Novice: 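Sending over a structure as structure tokens; questions will come in a sec.
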Amino acid sequence: METVDPRLREITAKVEAGERLSEADGITLFSSPDLNTLGALANRVRLARHGRACYFNVNRHLNPTNVCVYRCRFCGFRRDPGATGAYRMSIDDCLAAVAGAEELGITELHIVGGITPEADLDYYEPLLRALHAAHPSLHLKAFTAVEIAFFCRRHHLTHRACLERLIAAGLGSMPGGGAEIFAERVRASVCKEKAGADEWLAIHRVAHALGLRTNATMLYGHIETPAERVNHMARLRALQDETGGFQVFIPLAYHNENNPLAGEMTTAFDDLKTLAIARLFLDNFDHLKSFWVMHTPQLAQVALHYGVDDLDGTVTEERVTAAAGGRTAGHESKQELIDLIRAAGFEPVQRSTVYEELARY
Ligand code: V47
Ligand code: SF4
């Protein structure tokens with residue numbers, strides 16, 4: 001019995017010849033049920049790039065405020081100003097949350113928050129300076145391009161001037177959030193207030209020009225079509241051709257609790273397929289991350305065989321996924337991460353935020 005989808009033969013040949021996949025190829029891959037052939041191909045690409053290494057870091061998240069004046073329909077994290085459960089941490093609250101980080105082996109703080117005039121540069125600049133002064137060895141990975149766009153509007157700054165100020169205050173790199181799906185049709189429906197695709201990409205372009213490494217995400221599994229997922233990746237690939245500044249691509253699986261969109265959750269089949277296609281399509285991205293908090297540690301282990309080479313980190317106190325129903329959004333210890341990588345047949349490599357190797361286990 002024929003088990004290989006014949007349409008994948010041509011695509012396999014292209015990948016093996018080092019030829020770039022077209023958007024049409026990407027759409028074909030999404031329409032194929034042949035996950036094993038797709039996964040095996042993505043795994044070959046992954047092994048050629050990284051061998052059996054699986055990267056992780058020891059980090060914690062800091063979400064200084066959940067107050068947000070935007071209303072993304074997939075978001076369970078945001079609160080209206082003054083609503084029950086709304087918070088904004090003071091600088092002292094943030095310092096207290098991060099106290100003792102070095103003793104716990106933490107090397108990175110991932111800082112993102114809601115969009116509110118109460119958390120503009122007048123709030124964040126002193127916060128970064130205070131964190132940097134108290135913890136000079138901690139890498140501050142902070143602010144999605146959506147937050148940067150908001151700071152620029154509020155303070156009448158260019159993207160460059162805003163990023164320069166934040167770098168001077170201690171910013172070390174930028175996370176990849178806020179990208180969602182670039183297609184205007186989707187943004188108009190699920191996140192119409194936030195910075196659009198062009199501005200998201202423009203901010204990352206400037207960040208790269210200033211020497212900041214950045215990450216890129218895609219929030220999938222809601223109202224987008226396969227073609228819109230592929231086009232999202234194509235736009236990232238084009239910018240990466242220009243700058244080379246992206247470190248990693250992170251597909252984020254939509255979670256459906258406490259948010260107005262109330263869609264279906266993604267299936268493991270779709271998660272693995274999306275990761276494998278990303279590995280094949282984004283030929284100029286070094287790393288592919290399964291954010292285990294969203295995919296679950298169990299699926300993240302399997303994903304290591306479908307193109308993934310990075311499991312993010314220990315992720316202490318992540319709140320965005322938890323708010324939307326993530327059951328694993330707590331804290332995975334370093335030893336637990338090492339054990340689950342080993343059990344999947346890979347070699348745990350602790351990395352810094354910018355992918356320097358810190359230890360191999
Ligand atoms: O921008 C919001 C997404 C992002 C939901 O750069 C949701 O290393 C799923 O960007 N279901 C924040 N996702 C998280 C993020 C991230 C996470 C880990 C590592 C990195 C990195 C970046 O989470 C938001 C949005 O795209 N999100 N609501 C939801 N219901
Ligand atoms: Fe606000 Fe971010 Fe939630 Fe959108 S995803 S509503 S910008 S906190």
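Model, not experiment: these values are computed from the prediction. Atoms within a ligand are numbered from 1 in the order they appear, just like the ligands themselves.
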Novice: Starting from atom 6 (O) of ligand 1, which protein heavy atom do you reach first, and at what distance in Å?
Specialist: G176 N, 2.8 Å
Novice: Taking only heavy atoms of N259 into account, list the atoms of ligand 1 that are under 4.0 Å away from them.
Specialist: 30 (N)
Novice: Between R49 and D309, is there a salt bridge with N-O shorter than 4.0 Å?
Specialist: no
Novice: Looking only at protein heavy atoms, identify the closest one to atom 7 (C) of ligand 1 and say how far it is in Å.
Specialist: L219 CD1, 3.8 Å
Novice: Using a 4.5 Å cut-off on heavy atoms from C-beta on, say whether the side chain of I148 contacts that of M174.
Specialist: yes
Novice: N215 heavy atoms, cut-off 4.0 Å: which ligand 1 atoms fall inside?
Specialist: 6 (O), 8 (O), 21 (C)
Novice: Is the shortest side-chain heavy-atom distance between E102 and T107 below 4.5 Å?
Specialist: no
Novice: Would one find an N, O or S atom of C72, in either backbone or side chain, under 2.8 Å from atom 4 (Fe) of ligand 2?
Specialist: yes
Novice: With salt bridge (Lys or Arg N to Asp or Glu O under 4.0 Å) as the test, would you mind laying out the steps for K273 and D34 before giving the verdict?
Specialist: CA-CA 9 Å; K273 199 194 238 191; D34 190 353; over 6 Å; no
Novice: Which ligand 1 atoms are under 4.0 Å away from a heavy-atom of F291?
Specialist: 17 (C), 18 (C)
Novice: Give a yes-or-no answer on whether the side chains of T267 and D270 include a donor-acceptor pair shorter than 3.5 Å.
Specialist: no
Novice: Would you please indicate yes or no on a ring centroid separation below 6.0 angstrom for H287 and Y355?
Specialist: yes
Novice: I need the nearest protein heavy-atom contact for atom 2 (Fe) of ligand 2: residue, atom name and distance, please.
Specialist: K194 NZ, 4.4 Å
Novice: Let me know which of E193, K192, E180 forms a side chain to side chain contact (heavy atoms under 4.5 Å, CB included) with R187.
Specialist: E180
Novice: Numbering the atoms of ligand 1 from 1, which are under 4.0 Å from a heavy atom of P175?
Specialist: 6 (O)
Novice: Of the side chain and backbone of F74, name the one, both, or neither that has a heavy atom under 4.0 Å from an atom of ligand 1.
Specialist: both
Novice: Do any nitrogen or oxygen atoms of H255 come within less than 3.5 Å of a nitrogen or oxygen of ligand 1?
Specialist: yes
Novice: Identify the protein heavy atom lying closest to atom 27 (N) of ligand 1, giving its residue, its atom name and the separation to 0.1 Å.
Specialist: V320 CG1, 4.0 Å
Novice: Does the distance from a Lys or Arg side-chain N to an Asp or Glu carboxylate O, for D120 and R153, drop under 4.0 Å?
Specialist: no
Novice: If the cut-off is 4.0 Å to any non-hydrogen atom of C75, which atoms of ligand 2 fall inside it?
Specialist: 3 (Fe), 5 (S), 6 (S), 8 (S)
Novice: Which is it for A253 and ligand 1 at heavy atoms under 4.0 Å: side chain, backbone, both or neither?
Specialist: backbone
Novice: So which protein heavy atom does atom 1 (Fe) of ligand 2 come closest to, and at what separation?
Specialist: C68 SG, 2.3 Å
Novice: Heavy-atom contacts with I250 under 4.0 Å: which atoms of ligand 1 show up? List them by number with element.
Specialist: 6 (O), 8 (O), 20 (C), 21 (C)
Novice: Quick one: does NZ or CZ of R351 land under 6.0 Å from the six-membered ring centre of Y55, within 45 degrees of the ring axis?
Specialist: no
Novice: Is it the side chain (CB and beyond), the backbone, both or neither of H110 that lies under 4.0 Å from ligand 1, heavy atoms counted?
Specialist: side chain
Novice: Using a strict threshold of under 4.0 Å (side-chain N to carboxylate O), is an ion pair present between E357 and R360?
Specialist: yes
Novice: If you take the nearest heavy atom of each of F74, F77, Y70, which one is closest to atom 5 (S) of ligand 2?
Specialist: F74
Novice: Which is it for D312 and ligand 1 at heavy atoms under 4.0 Å: side chain, backbone, both or neither?
Specialist: side chain
Novice: Return a yes/no value for G178: is any of its N or O atoms, backbone included, closer than 3.5 angstrom to an N or O of ligand 1?
Specialist: yes
Novice: Give a yes/no on ligand 1: does K141 have at least one heavy atom closer than 4.0 angstrom to it?
Specialist: yes
Novice: Compare L252, N256, T266 and give the one whose heavy atom is closest to atom 15 (C) of ligand 1.
Specialist: L252
Novice: Taking distance alone, with no angle check, do E180 and ligand 1 share an N/O pair under 3.5 Å?
Specialist: yes
Novice: With a cut-off of 4.0 Å, which atoms of ligand 1 are near a heavy atom of M294?
Specialist: 9 (C), 13 (N), 23 (O)
Novice: Taking the side chain as C-beta and beyond, is there a heavy-atom pair between F151 and L166 under 4.5 Å?
Specialist: yes
Novice: Any nitrogen or oxygen of K289 lying under 3.5 Å from a nitrogen or oxygen in ligand 1? Just yes or no.
Specialist: yes
Novice: Just to be sure I read this right, does ligand 1 sit under 4.0 Å from the backbone of T144, its side chain, both, or neither, counting only heavy atoms?
Specialist: neither
Novice: Output the list of atoms in ligand 1 that are nearer than 4.0 Å to some heavy atom of G177, sorted by atom number.
Specialist: 1 (O), 10 (O)
Novice: Go through it in stages, so that I can follow the logic: the residues are F74 and H255, the test is ring pair (Phe, Tyr, Trp, His ring centres under 6.0 Å), and I'd like the CA-CA distance, side-chain angles, deciding distance and then a yes or no.
Specialist: CA-CA 8 Å; F74 47 76; H255 279 56; over 10 Å; no
Novice: Flag the pair H232 / E228 as yes when at least one side-chain heavy-atom distance between them is below 4.5 Å, and no otherwise.
Specialist: no
Novice: In Å and rounded to the nearest 0.5 Å, what is the CG to CD1 distance from L21 to I277?
Specialist: 10.0 Å
Novice: Whether E224 and R185 form a salt bridge (side-chain N of Lys/Arg under 4.0 Å from carboxylate O of Asp/Glu) is what I want to check.
Specialist: no
